[in-house]
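Taking it in order: structure first as structure tokens, then the write-up.
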Amino acid sequence: MHDWKKELDALVAEATAFAKTLKIDVERPQRFPSEDIEQGGLSSSHYGGREREEIKRRVERFQAQQRRFMREREEYADSLLRRIKPVTKT
């Protein structure tokens, strides 16, 4: 039962030794143009202005569609209840 623990420890040691042999160059992020920094923040183009507007339009359309579906379900349920009500009064 202890064999798996020894194998695990050996695997971890091997992986650690391998990781130490690797040399990785990390690229530093590019700086924003100085004019944006001088303005006190980023311009709207850095925040995806057009994409945000598209997302906003899609969300609004989705919400309108969900409201329409809810209204249609309620109207359908009301019509069913109106049709069933006379039958159940007996």
Query raised in the report: Just wondering, more than 12 heavy atoms not from Glu60 lying within 6.0 Å of its CD?
Result: yes
Requested in this report: Output yes when Glu53 and Arg50 qualify as a salt bridge under the 4.0 Å nitrogen-oxygen rule, no when they do not.
Outcome: no
Query - Straight-line distance of Phe62 CZ to Gln65 CD, nearest 0.5 Å - result: 7.0 Å
Report summary line: Contacts of Thr16 meeting side chain to side chain contact (heavy atoms under 4.5 Å, CB included) (sequence neighbours excluded), chain-then-number -> Val12, Lys20
Requested in this report: Would you mind listing every side-chain hydrogen bond (donor to acceptor under 3.5 Å, both in side chains) that reaches into residues 70-84, with sequence neighbours excluded?
Outcome: Arg68-Glu72
Requested in this report: With rounding to the nearest 0.5 Å, note down the distance linking CG in Leu11 to CH2 in Trp4.
Outcome: 12.5 Å
**Report entry** Working for salt bridge (charged side-chain N to carboxylate O under 4.0 Å, His left out), residues Glu54 and Arg57
**Finding:** CA-CA 5 Å; Glu54 177 65 23; Arg57 281 194 304 273; 2.6 Å; yes
